[in-house]
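Written out below as structure tokens is the structure these notes cover.
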Amino acid sequence: MKTPANLRILVVEDDLRMAELLHKGLWERGHSTVTATTAEQGQQLVDTEKFDAIVLDIGLPDRSGITIAQHLRARPNRPAIVMLTALNQEDNVVCGLDAGADDYLTKPFSFPELVARIGSAARRARMAAANDFCFGPFRLDTEKRCLVCNRTEVHITRSEYLLLCALARDRGEVVSRRQLMKAIWSTTIVSHGALDTLVNTLREKLHAKQPGLISTARGIGYLLVEEADL
Ligand code: CA
């Protein structure tokens, strides 16, 4: 598949020779780069500027590069993240992927492979941004119609999926019982108990990974709480 052109890429790498190599190689392939040499600097840049992708070294002088992935995880439209790790850092790879990184390469790596990985991660991130809802450790994949937590699918029924979509679409706002019933069953002639039972079974499934995501607005409806309120 074709690699997207003209990506704006943040390179977070404290090894200056490596950073220069990455800058030059990506520039030659039509991408523009900004370099940060510490996690702090990288985090400031992702907070103030927009990037399509991040090439993220894990071993940084101030703290692990994984903290940047964690920082960005819940953000909508976040850049794609490809981690660079040294050999024998399998634990870091698992932590990084759990923290929301999209892919990783072990140093030393082949440059064409890095470019290809960045391209496909950026393409996936764009598609995900257009289609998916993220909350807590979960991602609701509206293309595959499934719920994913830390790269593993969480089994939910069709009704639970529709309920979650309706809540996620208006995240942070109360969605009325009527609206939810229409979204799930295409009718409001459903017993109130059926909706409550459905909410409870979904809550139990989410609760195992992240408590408190769905809250009740008594007598009105339910809401999916904002990240800041968790
Ligand atoms: Ca390093």
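FYI, the numbering just counts along the sequence from 1. Just the heavy atoms: all of them, side chains too, but no hydrogens, waters or symmetry mates, feed the values below. Order of listing sets the numbers, starting from 1, for every ligand and every atom in it.
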**Request:** State, to 0.1 Å, how close R145 and L162 come at their nearest heavy-atom pair, and which atoms those are.
**Result:** NH2-CD2, 3.8 Å

**Fill in**
Closest heavy-atom pair, L21 versus F111, reported as atoms and distance to 0.1 Å, is O-CE1, 4.0 Å

**Message:** Checking S176 against Q179: is there a side-chain donor and acceptor pair closer than 3.5 Å?
**Reply:** yes

**Fill in**
Y222 meets the ring pair (Phe, Tyr, Trp, His ring centres under 6.0 Å) criterion, sequence neighbours left out, with none

**Complete:** Given a cut-off of 3.0 Å, the protein N, O or S atoms lying below it from the Ca ion (ligand 1) are D14 OD1, D57 OD2, G59 O

**Asked** For the side chain of R78 and the backbone of G100, is there at least one donor-acceptor N/O pair under 3.5 Å apart?
**Response** yes

**Prompt:** Are the side chain of R178 and the backbone of T188 linked by a donor-acceptor contact shorter than 3.5 Å?
**Reply:** no

